[in-house]
Amino acid sequence: MKILVLQTAFLGDVVLATPLIEKLHRFYPEAELHFLLRKGNEGLLKDHPFLHRCWVWDKKTQKYAGLWRMLRAIRRERFDVVVNCQRFAAAGFLTVFSGARHTVGFDKNPLARFFSRRFPHQIGTGQHEVERNLSLIEALTDTSFQMPRLYPGEQDYAKVSELVGAGPYVCMAPNSVWFTKQWPAHKWLELIERIPATYTVCLLGAPGDFDGCESIRLAAAHPDVRNLAGKLNLLQSAALMAGAGMNYVNDSAPLHLASAMNAPVAAVFCSTVPDFGFGPLSTDRFLVESTDSLSCRPCGLHGHRACPKGHFDCAEGIYAAQFPLP
């Protein structure tokens, strides 16, 4: 059997679709599993032990021309099943015209009526995104839960050892694409002050996060803060988080990296709420939110580039003392 899983959204969305790979492999160990994602996220699934192939679609520079090429390539593969975790039209187009005998996806996809089977995708009920994704393959497997998982290699762990050494450390990922999902820099500095001096503080992020992390590093009142933004690839970042005494993250992709490594994590939610279904799944997990009752929170699913009310109380009302120490 040949199965294709599609998730062409952002980094965290791909991580939260990895339970489908794990579960499909468990039920169909001889199946040929494929995964389609957007260019830039392929490093997450590099050398994945259960994947036959990782397909990469360059949505940014060749969205529509690449879409047609991708469709032709998919049709040549003659998949038996296509599982679509995306709720947008382009992925729906690939699913419907894939030529697969069975196509499944969410009912919010504009082309869902043409899928073999459709499933609800309801946000705000407390159901986790992993549970929503797993519902797509219940007919092929069962109703049991499956954790997300990533597979850093020996070289990834060696890179971590090279940069951090053998001493204890914590990770902090202070940035987010959305301003209202991001705990302010001065708050991160307060948290760094509380970290024991025996721990190295590792600041994580993409290359574009380097300057923001550097400003925090320079202002931090701690003897050992290291700016690793842009210095680690995705699996190296996951490997680093796996060995941390604690990982401090926003409601963003690093939260899901921690879940995929079952690493200890404290997740801060500013304008968004855990009930959306994107909270941490690690065994040692902590949710940190404002204790104030705010009529404006949540103000949106994905956050905003500025606080719509101008006060940002959902973030300013969160304090360093609320976080667990390593």
Side-chain angles (χ1 to χ4, degrees), residues 9-16 121-133 147-148 170-192 194-195 203-206 209 212-213 216 237 241 244 246-326:
F10 297 105
L11 179 68
D13 299 298
V14 174
V15 176
L16 296 180
H121 188 281
Q122 297 177 319
I123 290 178
T125 64
Q127 185 183 39
H128 200 278
E129 180 74 353
V130 167
E131 295 175 294
R132 293 190 283 259
N133 285 335
M147 284 284 288
V170 300
C171 293
M172 295 187 184
N175 297 290
S176 172
V177 173
W178 301 103
F179 173 82
T180 59
K181 278 190 172 185
Q182 183 172 288
W183 204 39
H186 67 273
K187 293 286 189 176
W188 286 104
L189 289 170
E190 293 173 5
L191 177 58
I192 291 174
R194 299 190 68 239
I195 303 299
L203 303 178
L204 290 180
D209 299 324
C213 287
I216 291 175
S237 296
M241 299 180 84
M246 182 57 66
N247 294 283
Y248 302 94
V249 298
N250 295 300
D251 175 17
S252 57
L255 183 160
H256 307 307
L257 292 180
S259 291
M261 301 305 294
N262 198 23
V265 61
V268 55
F269 284 77
C270 298
S271 66
T272 54
V273 293
D275 272 354
F276 285 163
F278 299 94
L281 295 170
S282 301
T283 302
D284 295 326
R285 60 185 183 269
F286 303 87
L287 296 173
V288 185
E289 308 173 76
S290 172
T291 58
D292 298 330
S293 179
L294 300 171
S295 61
C296 56
R297 179 175 181 261
C299 61
L301 176 61
H302 297 294
H304 298 275
R305 300 201 179 279
C307 172
K309 298 292 186 179
H311 52 64
F312 206 22
D313 285 348
C314 61
E316 294 295 341
I318 300 171
Y319 303 97
Q322 294 175 245
F323 289 79
L325 294 178

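- Side-chain contact between Phe312 and Pro184 is present, with heavy atoms from C-beta onward closer than 4.5 Å.
- For Lys181, the salt bridge (charged side-chain N to carboxylate O under 4.0 Å, His left out) partners at least two apart in sequence or on another chain are Asp251.
- Remark: the backbone N or O of Pro148 is not paired with any side-chain donor or acceptor of Ser259 at under 3.5 angstrom.
- Summarising the local packing, CZ of Phe323 is surrounded by more than 12 heavy atoms from other residues, nucleotides or ligands at distances under 6.0 Å.
- In this structure, the side chains of Leu204 and Met241 come closer than 4.5 Å at one or more pairs of heavy atoms.
- Contact of the Lys187 side chain with the Ile318 side chain is not registered, since no non-hydrogen atoms from C-beta on lie closer than 4.5 Å.
- Checked by atom type, the side-chain pair Ser176/Ser252 shows no donor-acceptor distance below 3.5 Å.
- Tyr248 is listed as a side-chain neighbour of Val170, based on a closest heavy-atom distance under 4.5 Å.
- When the side-chain hydrogen bond (donor to acceptor under 3.5 Å, both in side chains) test is applied to Glu190, no partner is found at least two apart in sequence or on another chain.
- Without hydrogens or angle criteria, His256 side chain to Asp13 main chain gives no donor-acceptor distance under 3.5 Å.
- Side chain of Gln182 to backbone of Phe179: no donor-acceptor contact under 3.5 angstrom is found.
- For Pro174, the side-chain contact (heavy atoms from CB on, under 4.5 Å) partners are Trp188, Cys213, Ile216, not counting sequence neighbours.
- The side-chain contact (heavy atoms from CB on, under 4.5 Å) check on Ser237 picks up Leu232, Leu257, with sequence neighbours excluded.
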With side chain to side chain contact (heavy atoms under 4.5 Å, CB included) as the test, would you mind laying out the steps for Leu281 and Val130 before giving the verdict?
CA-CA 10 Å; Leu281 295 170; Val130 167; 3.8 Å; yes
Asp275 and Phe269: CA distance, side-chain angles, deciding distance, side chain to side chain contact (heavy atoms under 4.5 Å, CB included) verdict
CA-CA 11 Å; Asp275 272 354; Phe269 284 77; over 6 Å; no
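- Within the 3.5 Å criterion, the main-chain N or O of Gly277 finds no donor-acceptor partner in the side chain of Gln127.
- In this structure, the side chain of Asp209 does not engage the main chain of Asn175 through any donor-acceptor pair within 3.5 Å.
- Between Thr291 and Tyr319, every side-chain heavy-atom pair lies at or beyond the 4.5 Å cut-off.
- For His304, the NE2 atom sits in a packed shell: over 12 heavy atoms of surrounding residues, nucleotides or ligands are nearer than 6.0 Å.
- For the side-chain hydrogen bond (donor to acceptor under 3.5 Å, both in side chains) test, residues two or more places apart in sequence or in another chain that qualify with Arg132 are His121, Glu129.
- Every residue meeting the side-chain contact (heavy atoms from CB on, under 4.5 Å) condition with Thr283, not counting sequence neighbours, appears here in chain and number order: Asn262.
- Looking at Ser282, its side chain never comes within 3.5 Å of a backbone N or O of Pro264 through a donor-acceptor pair.
- The minimum heavy-atom distance between Pro280 and Phe286, with the atom names listed, is CG-O, 4.5 Å.
- The side-chain heavy atoms of Cys171 and Asn247, taken from C-beta on, include a pair separated by under 4.5 Å.
- Ile195 and Pro326 make their closest contact through CD1-CD, 4.2 Å (heavy atoms, listed as atom of the first residue, atom of the second, distance).
- For the pair Leu301/Thr272, no side-chain contact is recorded, criterion being any heavy-atom separation below 4.5 Å from C-beta on.
- In this structure the side chain of Cys299 never reaches within 4.5 angstrom of the side chain of Lys309, judged on heavy atoms.
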